[in-house]
S.K.: 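Before I ask anything, here is the structure I am working with.
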Amino acid sequence: MILFFSEIQFQLSHKRPVKNWLGAVAKQENKKIGEVNIIFYNDEQLLTLNKQYLNHDSFTDVITFDYSEGKFLHGDICISIERIKENAETFNCIFEEELRRVMVHGILHLCGYKDTKNADKQIMKQKEEEALMLFNTSYNY
């Protein structure tokens, strides 16, 4: 089950298609959605988590805490809405598309994909693009 929470003044619209889509992405990776929380924060809140848990003193768009077991995905995907807005402007895309990219990035982390090395980053980017295409063809609202 995917649940959405917000520590700021933000509400995700069209939750059902997003849940269905993220479930389909997991299924393509031979995984099943267990308990996944997607939590929306501001920059300062996510920076605090980044410092506390990862020892990184920098802003980020997403932090994924993975508690998965076997084929079942469990975890917290923490997203900075401020970073998403800024990234959407920087990458010249709409906010909702950038938000979907970051949500699926978190799901892909739960599926076992990494993004620390250049080769891993390329695979992650390819998987993100494939997932976004799936949304655009099957789950677009």
Side-chain angles (χ1 to χ4, degrees), residues 1-91 93-141:
M1 167 183 353
I2 298 175
L3 298 174
F4 297 96
F5 299 95
S6 189
E7 296 294 323
I8 58 170
Q9 201 68 16
F10 176 79
Q11 287 288 351
L12 179 68
S13 57
H14 309 294
K15 291 177 185 170
R16 177 60 45 205
V18 171
K19 287 180 181 185
N20 291 342
W21 167 61
L22 293 174
V25 170
K27 187 175 181 179
Q28 282 186 333
E29 298 297 327
N30 295 313
K31 303 287 185 178
K32 295 179 182 183
I33 297 291
E35 294 181 23
V36 175
N37 299 309
I38 298 177
I39 310 157
F40 303 111
Y41 293 95
N42 64 30
D43 273 348
E44 288 300 323
Q45 292 166 319
L46 206 58
L47 177 61
T48 298
L49 292 176
N50 210 7
K51 287 177 182 177
Q52 182 177 359
Y53 293 102
L54 301 176
N55 248 3
H56 297 161
D57 190 7
S58 59
F59 291 113
T60 187
D61 51 5
V62 63
I63 298 173
T64 305
F65 296 98
D66 187 0
Y67 315 116
S68 298
E69 297 176 3
K71 289 190 176 230
F72 288 92
L73 304 182
H74 301 287
D76 296 325
I77 300 171
C78 305
I79 296 172
S80 169
I81 292 300
E82 288 177 283
R83 283 295 103 212
I84 302 307
K85 288 177 182 175
E86 188 171 305
N87 288 349
E89 288 181 27
T90 300
F91 301 133
C93 67
I94 62 170
F95 170 82
E96 292 80 7
E97 182 178 325
E98 181 63 11
L99 180 57
R100 287 190 298 269
R101 184 190 67 77
V102 171
M103 285 189 287
V104 82
H105 185 92
I107 291 292
L108 291 169
H109 272 308
L110 296 179
C111 289
Y113 291 96
K114 307 290 182 212
D115 59 1
T116 51
K117 299 177 185 171
N118 282 338
D120 294 337
K121 287 178 185 178
Q122 289 177 334
I123 293 168
M124 178 70 87
K125 184 71 174 163
Q126 178 185 345
K127 290 289 185 177
E128 287 174 11
E129 292 300 322
E130 290 170 6
L132 289 170
M133 292 291 287
L134 176 64
F135 182 87
N136 291 334
T137 58
S138 302
Y139 297 91
N140 203 350
Y141 32 82

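All values derive from a computational prediction rather than experimental measurement.
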S.K.: Near Glu35 CD, under 6.0 Å, is it more than 12 heavy atoms from other residues, nucleotides or ligands?
M.R.: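 No - once you tally the heavy atoms of other residues, nucleotides and ligands closer than 6.0 Å, there are 12 at most.
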S.K.: Of the non-hydrogen atoms in Ala131 and Val104, which two are nearest, and what is the gap between them?
M.R.: CB-CG2, 3.5 Å
S.K.: If you measure from the Lys or Arg side-chain nitrogens to the Asp or Glu carboxylate oxygens, is any gap between Glu86 and Arg83 under 4.0 Å?
M.R.: yes
S.K.: Once rounded to the nearest 0.5 Å, what's the spacing between atom CG of Leu134 and atom NZ of Lys27?
M.R.: 11.5 Å
S.K.: Between atom CD of Glu89 and atom CD of Glu98, what is the distance when rounded to the nearest 0.5 Å?
M.R.: 11.0 Å
S.K.: Could you give the side-chain donor-acceptor pairs of residues 65-73 under 3.5 Å, partners two or more places apart or in another chain?
M.R.:
unit_1 : atom_1 : unit_2 : atom_2 : d
Asp66  : OD1    : Ser68  : N      : 2.8
Asp66  : OD1    : Ser68  : OG     : 2.7
Ser68  : OG     : His74  : N      : 3.2
Ser68  : OG     : His74  : O      : 3.4

S.K.: Just one of Phe5, Phe40, Phe4 clears the ring pair (Phe, Tyr, Trp, His ring centres under 6.0 Å) bar with Phe10, so which one?
M.R.: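 Result for ring pair (Phe, Tyr, Trp, His ring centres under 6.0 Å) with Phe10: Phe40.
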S.K.: Is it the case that more than 12 heavy atoms not belonging to Phe95 sit under 6.0 Å from its CZ atom?
M.R.: yes
S.K.: Given Glu82 and Lys85, is the salt bridge (charged side-chain N to carboxylate O under 4.0 Å, His left out) satisfied, shown in steps?
M.R.: CA-CA 5 Å; Glu82 288 177 283; Lys85 288 177 182 175; over 6 Å; no
S.K.: Between Glu129 and Lys125, does at least one N-O distance fall below 4.0 Å, as a salt bridge requires?
M.R.: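 Between Lys125 and Glu129 there is a salt bridge, with a charged N closer than 4.0 Å to a carboxylate O.
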S.K.: Which heavy atom of Lys31 sits nearest to which heavy atom of Cys111, and what is that distance?
M.R.: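 Heavy-atom minimum between the residues: CE-O, 3.8 Å.
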S.K.: Show, in sequence, the C-alpha distance, side-chain angles and deciding distance for Val18 and Ile38, and conclude whether the side chain to side chain contact (heavy atoms under 4.5 Å, CB included) test is met.
M.R.: CA-CA 11 Å; Val18 171; Ile38 298 177; 5.7 Å; no
S.K.: Out of curiosity, Leu110 CG to Ile77 CD1, how far, rounded to the nearest 0.5 Å?
M.R.: 5.0 Å
S.K.: Taking everything shown except Gln9 itself, do over 12 heavy atoms lie less than 6.0 Å from its CD?
M.R.: no
S.K.: At what distance, to the nearest 0.5 angstrom, does CD of Glu96 lie from NE2 of His14?
M.R.: 8.0 Å
S.K.: Please step through side chain to side chain donor-acceptor pair (under 3.5 Å) for the pair Gln126 and Gln122, ending with a clear verdict.
M.R.: CA-CA 6 Å; Gln126 178 185 345; Gln122 289 177 334; over 6 Å; no
S.K.: Would Gln28 and Glu130 satisfy side chain to side chain contact (heavy atoms under 4.5 Å, CB included), going step by step from the backbone distance to the final call?
M.R.: CA-CA 11 Å; Gln28 282 186 333; Glu130 290 170 6; 5.7 Å; no
S.K.: Which distance, rounded to the nearest 0.5 Å, do you find between the CD1 of Ile63 and the CG of Leu49?
M.R.: 5.5 Å
S.K.: Does a side-chain N-to-carboxylate-O contact under 4.0 Å join Asp57 and Lys51?
M.R.: yes
S.K.: If you take all heavy atoms of Ile39 and Glu7, which pair is closest and at what distance?
M.R.: CG2-CG, 4.0 Å
S.K.: Looking at every non-hydrogen atom in both residues, tell me the closest pair between Leu46 and Ile79 and how far apart they are.
M.R.: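 Closest approach of Leu46 to Ile79: CD2-C, 4.1 Å.
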S.K.: Are Leu108 and Thr64 side-chain neighbours, meaning at least one heavy-atom pair lies under 4.5 Å?
M.R.: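 No; the side chains remain at least 4.5 Å from each other.
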S.K.: So how far is it from Lys121 NZ to Ile123 CD1, rounded to the nearest 0.5 Å?
M.R.: 13.0 Å
S.K.: Would the distance check show the side chain of Asn50 and the main-chain N or O of Ser58 forming a donor-acceptor pair, the cut-off being under 3.5 Å?
M.R.: yes
S.K.: If we check side-chain contact (heavy atoms from CB on, under 4.5 Å) with Phe135, which of these qualifies: Glu97, Arg100, Arg101?
M.R.: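 Running side-chain contact (heavy atoms from CB on, under 4.5 Å) over Glu97, Arg100, Arg101 with Phe135 returns exactly one hit, Arg100.
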S.K.: If you compare all heavy atoms of Asn42 against all heavy atoms of Ser80, which two are closest, and at what distance to 0.1 Å?
M.R.: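 In terms of heavy atoms, the two residues are closest at C-OG, 3.7 Å.
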S.K.: Any side-chain heavy atom of Ile81 sitting closer than 4.5 Å to one from Leu99?
M.R.: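 With C-beta onward as the side chain, the pair touches.
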S.K.: Report yes or no: does Lys19 contribute a side-chain atom to a donor-acceptor pair with the main-chain N or O of Ile2 at less than 3.5 Å?
M.R.: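 Yes; judged by distance alone, with no hydrogens or angles, the pair exists.
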S.K.: Under the criterion side chain to side chain contact (heavy atoms under 4.5 Å, CB included), I'd like the reasoning laid out for Asp115 against His105: C-alpha separation, chi angles, the key distance, then a yes or no.
M.R.: CA-CA 10 Å; Asp115 59 1; His105 185 92; 2.9 Å; yes
